[in-house]
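Everything below concerns the one structure shown next.
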Amino acid sequence: HAGKFVEADGGTLFLDEIGDLPLAAQVKLLRAVQDGEIDPVGSRKTVKVDIRLISATHRNLVDHVREGKFREDLYYRLNVLPVTVPPLRERRDDLPVLVDHFFRLHAADKPRHLKGFSSAAMRAIGNHDWPGNVRELINRIRRAMVLAEGRQITPADLELASPDRAGLG
């Protein structure tokens, strides 16, 4: 088996949750990024690779560097062009577009009768703080698409409080 770095040679490799990488693996990643060399598992030969590396994390890597949980040299190698994406709770205007995108993306999972989201569901989505960010949004949409019994997804299908009944007892 070639491995991800060899497969990505000449292209781009995306590493998600880089902030969770153990220190021992960070040493190997640093070598791959800095020297363009890897030691494939089970091989006695070093392999040259030419990759563009994109990484993501939900962790604050500056804090991790300060705490000794993330190598400073690797941090500076990776932090060439940082892109910060604010959490969903700070991008509420993006929610309708994202909801529509994920509904269409997972359309094969939905029953035929399901046509979309009720206005109450969209208000509930807009009122929710989304602590799990996009992953939570996707999960709630996919689950609602499977569980919804009506023509439209409701706040109950999303397991979100209905904004029309908020505070009513």
Side-chain angles (χ1 to χ4, degrees), residues 1-106 109 117 121-146 155 158-161 163:
H1 181 65
K4 300 298 182 192
F5 280 83
V6 173
E7 287 179 6
D9 189 30
T12 302
L13 178 64
F14 174 68
L15 298 178
D16 198 8
E17 296 304 342
I18 195 88
D20 295 336
L21 196 63
L23 285 169
Q26 291 177 33
V27 172
K28 293 177 182 183
L29 178 58
L30 178 62
R31 181 170 179 230
V33 172
Q34 186 170 291
D35 301 335
E37 296 180 346
I38 60 163
D39 294 319
V41 175
S43 176
R44 295 178 186 210
K45 294 192 306 187
T46 296
V47 175
K48 285 288 218 185
V49 290
D50 177 22
I51 61 163
R52 175 185 309 115
L53 185 64
I54 298 174
S55 60
T57 186
H58 71 283
R59 306 249 184 235
N60 182 325
L61 290 183
V62 173
D63 289 346
H64 267 46
V65 167
R66 193 176 313 117
E67 295 165 5
K69 296 177 183 174
F70 200 86
R71 292 180 58 100
E72 185 174 29
D73 48 1
L74 178 58
Y75 171 78
Y76 285 113
R77 283 284 179 189
L78 296 176
N79 196 32
V80 174
L81 183 62
V83 176
T84 302
V85 179
L88 280 180
R89 68 182 163 274
E90 295 176 15
R91 300 181 296 134
R92 295 191 191 276
D93 291 344
D94 293 345
L95 284 167
V97 173
L98 290 170
V99 166
D100 182 60
H101 170 74
F102 294 124
F103 184 78
R104 290 175 191 270
L105 183 67
H106 299 290
D109 299 340
F117 293 78
M122 290 305 295
R123 284 192 302 277
I125 288 168
N127 290 338
H128 188 62
D129 278 338
W130 301 104
N133 281 305
V134 174
R135 288 182 178 110
E136 179 186 358
L137 177 65
I138 294 168
N139 179 276
R140 285 183 185 269
I141 289 171
R142 292 192 74 192
R143 181 179 26 201
M145 289 172 75
V146 172
L158 293 161
E159 297 183 356
L160 295 175

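Heavy-atom basis, side chains included; hydrogens, waters and symmetry copies ignored.
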Set of side-chain contact (heavy atoms from CB on, under 4.5 Å) partners for Pro86, sequence neighbours left out: Glu90, Arg91
Set of salt bridge (Lys or Arg N to Asp or Glu O under 4.0 Å) partners for Asp129, sequence neighbours left out: Arg92
With Arg104 via salt bridge (Lys or Arg N to Asp or Glu O under 4.0 Å) - residues at least two apart: Asp100
Nearest-0.5 Å distance, CD1 of residue Ile18 to CG of residue Leu29: 5.0 Å
Within-4.5 Å side-chain heavy-atom neighbours: Leu61 and Asn79: no
Pairing residues for Arg52 by the side chain to side chain donor-acceptor pair (under 3.5 Å) criterion, not counting sequence neighbours: Thr12
Contacts of Thr57 that satisfy side chain to side chain donor-acceptor pair (under 3.5 Å) - sequence neighbours left out: none
Ile38 and Lys28, any side-chain heavy atoms less than 4.5 Å apart: no
Arg135 side chain to Asn139 side chain, donor-acceptor N/O pair below 3.5 angstrom: no
Non-neighbouring partners of Asp73 that pass side-chain contact (heavy atoms from CB on, under 4.5 Å), sequence neighbours left out: Leu30, Arg71
All side-chain contact (heavy atoms from CB on, under 4.5 Å) counterparts of Glu136, not counting sequence neighbours: His128, Trp130, Pro131, Arg140
Heavy-atom donor-acceptor pair, Gln26 side chain to Leu74 backbone, under 3.5 Å: no
Where at least one partner belongs to residues 53-68, residue pairs that pass salt bridge (charged side-chain N to carboxylate O under 4.0 Å, His left out), sequence neighbours excluded: Asp20-Arg59, Asp63-Arg66, Glu67-Lys69
For Lys48, all residues meeting salt bridge (Lys or Arg N to Asp or Glu O under 4.0 Å), sequence neighbours excluded: Glu37
All side chain to side chain donor-acceptor pair (under 3.5 Å) counterparts of Asp39, not counting sequence neighbours: Arg31, Thr46
Check: Asn133 side chain, Pro87 main-chain N or O, donor-acceptor pair, under 3.5 Å: no
Pairwise ring-ring contact (aromatic ring centres under 6.0 Å, His included) hits with a residue in residues 54-102, at least two apart: none
Pairing residues for Arg142 by the side chain to side chain donor-acceptor pair (under 3.5 Å) criterion, not counting sequence neighbours: His106, Asp109
Heavy atoms from other residues, nucleotides or ligands near CD of Glu72 exceed 12 (cutoff 6.0 Å): no
